[in-house]
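Pasting in a structure now, in structure tokens, and then I'll have a few things to ask.
Residue numbering restarts at 1 for every chain, and letters A, B, ... go by the order of the sequence lines.
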Amino acid sequence: MIRALDATFGAVGRGYLALARTVGGIVVLFGRILRAMVPPRFDRDETWRNLYDVGVKSFPIVVVTALFVGAIMVIQSAFYVKRTGATGLLGYGVGFSVFAEIGPILIGLMFSGRVGANTTAQLGTMVVTEQVDALRTLAIDPIRYLVVPRFVTMLLMMTLLMVLGDAFAVLGAAGTADAMLGVDWRVLVQGLLEAHFLDEFFMGVVKASCFGVSISVISCFYGLNVRGGAVGVGRAVNASVVANAAAIFVLDFVIGTLYTVM
Amino acid sequence: MVNDVHVAPPAPPRWYESLFIAVGAPFTAVGRELRGDVALAFAALGAIFRGAAGRRAVVQQAYAVGNRSLFFITATLGFLGLISVYQVATQIQQILPDFSMLGAAFIQLMIREFAPTITGLMIATRVGSGIAAEIGSMVVTEQVDALRMCNADPVEYLVAPRVLGSVVMVPMLSIYAVLVATLAGMALGHAVFDIPTQTFLSLRLVKGPDIVLGLVKAVSYGFWIPIVAAHAGLSATGGSAGVGWATTRAVVATSFAVVLLDFVISGASYVIFSV
Amino acid sequence: MIEFIDIHKRFGEKRVLEGVSITVEAGRVLYLIGTSGAGKSVLVKHLVGLLRPDSGRIVLDGQDITGLSEAAFYAVRRKCAMVFQHSTLFDSMTVLDNVALPYRKHARMKRAEANERALEKLALVGMREAAWRLPAEIGAGLQKRVAIARALTLDPQFVIFDEPTTGLDPLAAKHVDDLIRSLRNDTGVTAIVVSHDIRSIFTVADRIAMIYQGGIRLDGTPDDFRRSDDPVVRQFITGRPDGPMVI
Amino acid sequence: MSAAAAPGAHDGAVLRAEGLGKRFAGGWVLEGVDLALHPGEIVGLVGQGGHGKSVLLKCLAGLLAPDAGRVVAFGEDLATLSSVRLAKVREAYGYVFQNYALFDFMTVADNVAFPLRQRGDADERAVKALVRERLAEVGLAAAVGLYPRELSGGMKKRVGLVRATVTDPDVILYDDPSAGLDPVTSSKIFELIARMQERRAGSAAIVVSHDIDRMRAICARYVMLERGRVVFEGGEEDVAGAPRAVSDFFDLDGAGVLA
């Protein structure tokens, strides 16, 4: 009995220790990134390449996700709208649920899947093929050269993509509302404007920038800590997307609560 | 040895060429991807109906998909429940403080939409990338070729058990997700907004079709996630970079598949059954 | 001069190095030999700070570098370059960009100037024509030469080669051997080469040290090795399948 | 093996490539390769890195489908076989992979037993006994219960070798069996290859390697590939008359470094 208790608590304890180590490592990395950013000397080539990679490659998936999110929101409320005839609710719903809640979460998840996983795979591959060690032997600091450009890029791109995503979500919602309910797009936009949509819009963008920070730090952390060859890279990508998803939900809650309290 | 190298850099494509390539590439890529997924789905179904998936392997995979995702689903869906109730209740409070319908609407929306879809997305992330990483590293370390040389069909041996395990476990996890999110939402509603638990726990709005819709979604995510992920893993090429790209591709493709399926199933059910 | 003094290193339960001492004199090429997993690569990685010893000291050109911080090690790495076993070229960059990177990062050169200097280094290893290709487009033998060019960009005094001919076909291996030899003769670098390619060892080395079971089994000239009657050394250099060696 | 048809139906060759071509995105990797493997011989397949040796081996095993020409094994064109028939033919093959390709979720013993169990007709006790015996033969009796990740490179190579040969196949394909190993371990591996060959008289093998010195001991005939084409075929005695690039590769005068 005591042995069983011991085993259970041991496992739980070990789990928490591992979690603490990971979170600690991520925080330390975040600190090192910030320190490496003063003085702000970026490698121009590496930053440009990343801006292009991240921006261009995640553009289609963000657009498509946003269109679908807008559309699905309308489909979900179609039933009520049809029964009650309260077409004004559509715009309100899009503003509130898409701009402030579901939009940032889904776009954050997609971004972490596309860009975060990619970053972990890239850095992880560089670690197991000893390219990161090679950088160090060429007396180049991997944090400054590899991580800082990715951090800056993701922060910037996630914010921009969120703004873009909002626009496409409205488009998707308007298209679906027109096709399924015969509601004119102007009605939807009217509802949106009446519903203090700027508040929600800013909240969504703030969330998105925070997700950009967490995604970049977490995926770089898992990438730089890969061990054990090709198998290790795959495992690290897996762990990285899981951690990113968890972080997005936790951050979303924290920011949402802080926002309403303030 | 050296004489086969260029003397000058190759001419870069003209800007309009790169534009066409950039616009066209995603379509051809998605097309190719879909064709591969569907072919693999048929192969896996064939293997399942032949009874080729070993019982032990299926149980093992069900454990990997289900039990080992419990903590993750609890955390993410729990927070989703907290967030949604908090946000919606704050909104309602500003208009008129009548929370009587909040719980009922919340539970209905969870069952038909959020529990299966967010669970699906989370499983796509956790399990999808895991499957791609496992199978991808088996491909680049030539273990899949070794399986074939030993007369073990990789689809029977690797894909079919994962599909079966996931088809069973994703609906289970979705049901579990409804409970977790509802409990979290109810606790928050009670603590912050004084909503009585009996008022919150109302199944007034939940109709049969909602439950069917939620389950259909969960089952189809459960089927397609391992297929899409395994396809990404099996197409891995070359070294450690290959496994990384395969895993990345799996995350994107499986998440995307979930969003797409959600749209298609929700749309179809509205158009056909008006629910 | 490079001095390893009584280096101990273990990974978890596994003791890899148990008191290794080696001295390499300036301008010489030392070959470090031993079975796979004997700790040859582990030893040389201490010199560029990729690994830290559990005990013992490393002295480079009279400077004790054992306890240097990661930041302080960057100065050491400028004069001590390393060519890795798998070339480790940055695969997203062209051959030219790979070699020009250290110039751009350290000497703050303009792109045109950095490229020009990089092309000079590439010409040194006979790879100027391949400058605009990506690493993946050229074979392993050519990648190795580019990696050597990149390691030479900061004009290092010391160069470490980790298994430079492993996995190369005989012709490519011979090219790499010739490069190492001409490097010593023309620029006077001090080199440590980790290898178990018997042919390269006996055609290039000034001095050979054999690591066996955590310590140095024999340290001497190629002739010392040819004449040695230690059964372990004999078995290794003749490559006989049976003998006293534990593998 | 049951898969082998009567000799004479295919002029004695167990395995034959006819005008074999394979194309990847970058262009042709193999072009017009003709090759025949006769019972009882070991052919050394040599050439520079990245010039198509591994691809050729995979085509010969039916792991890659050729884009031109055909592979005939035991008198049957691999491309025309049904999956059931192909499986039957593959039972006559053994394949030693370059990177070991051990199943990392199985113990050493299960890895070796896997090809036997896959045939379905074997008695479990006989399988276990055979696996133990074969592993003991290569000095791995103590490793039966270990997982591949707990083994050194040389040990993994030996396990791969035993797994490929435990069914006593007619054709064994070795993809760079000594890559990255030190001289002593390499010699051990080549010694094992020779022993496998002796066990089953009439079985044939192709060995891909850069290790010319060690191949001399076991190969009677060599095939050299350059940019996907066969540039040399013959025994050691024919090297002298071959083009410079070939004789350089075999480096006949370089063997005396120890003298």
Using non-hydrogen atoms only, which part of A:Leu106 is less than 4.5 Å away from chain B: side chain, backbone, both, or neither?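 Side chain only.
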Toward chain A, the part of B:Gln143 with a non-hydrogen atom under 4.5 Å: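 For B:Gln143, no heavy atom lies under 4.5 Å from chain A.
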Which bit of A:Glu200 comes within less than 4.5 Å of chain B, counting heavy atoms only: side chain, backbone, both or neither?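 Side chain only.
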Output the residues of residues 234-241 of chain A for which the shortest heavy-atom distance to chain B is under 4.5 Å, in residue-number order; output 'none' if no such residue exists. A:Gly234, A:Arg235, A:Val237, A:Asn238, A:Val241
Region of B:Phe72 that comes under 4.5 Å of a non-hydrogen atom in chain A: side chain
Close side-chain approach of B:Phe79 to A:Ile105, heavy-atom, < 4.5 Å: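 Not touching, per the 4.5 Å side-chain cut-off.
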Working to the nearest 0.5 Å, report the span between CD1 of A:Ile72 and CG of B:Asp262. 4.0 Å
Contact leader toward chain A among B:Glu134, B:Met138, B:Met122, where contacts are heavy-atom pairs under 4.5 Å: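 Going by pairs under 4.5 Å, I would pick B:Met122.
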Taking the side chain as every heavy atom from C-beta outward, state whether A:Met110 and B:Ser255 have any pair of such atoms under 4.5 Å apart. yes
Which heavy atom in B:Val251 sits nearest to a heavy atom in A:Gly113, and how many Å separate them? CG1-CA, 3.3 Å
What part of B:Leu82 is in contact with chain A, defined as an atom under 4.5 angstrom from a non-hydrogen atom: side chain, backbone, both or neither? both
Please state whether the side chain, the backbone, both or neither of B:Tyr86 comes within less than 4.5 Å of a heavy atom of chain A. side chain
Kindly give the heavy-atom pair with the smallest separation between A:Glu101 and B:Ile83, and that separation in Å. OE1-CG2, 3.1 Å
For the interface with chain A, which of B:Arg126, B:Arg249, B:Gln87 has the highest count of heavy-atom pairs at distances below 4.5 Å? B:Gln87
Side chain, backbone, both or neither: which part of B:Leu77 has a non-hydrogen atom closer than 4.5 Å to chain A?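 Neither the backbone nor the side chain of B:Leu77 comes within 4.5 Å of chain A.
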Shorter than 4.5 Å, heavy atoms on both sides: which option in B:Ala133, B:Ser137, B:Ala75, B:Ser129 has the most such pairs with chain A?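 Counting heavy-atom pairs under 4.5 Å, the top option is B:Ser129.
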Name the member of B:Thr76, B:Val259, B:Thr117 that forms the most heavy-atom pairs with chain A at distances under 4.5 Å. B:Thr76
Okay, B:Val88 and chain A: the region with an atom under 4.5 Å from a heavy atom over there is both
Find the one option among A:Gly232, A:Ala246, A:Ala117, A:Gly256 whose heavy-atom pairs under 4.5 Å with chain B are most numerous.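 The answer is A:Ala117.
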Identify all side-chain donor-acceptor contacts of residues 174-182 of chain A below 3.5 Å with residues at least two apart in sequence or on another chain.
residue	atom	partner	partner atom	Å
A:Thr176	OG1	A:Gly172	O	2.6

Value rounded to 0.5 Å, distance of CZ in A:Phe249 from CD1 in B:Ile118: 5.0 Å
Does the side chain of A:Thr125 come within less than 4.5 Å of B:Trp245's, by heavy atoms? no
Nearest 0.5 Å, please: how far is CD1 in A:Ile102 from OG in B:Ser84? 6.5 Å
Quick one: of A:Val115, A:Val69, A:Thr257, who has the most non-hydrogen atom pairs under 4.5 Å with chain B?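 Option with the top pair count is A:Thr257.
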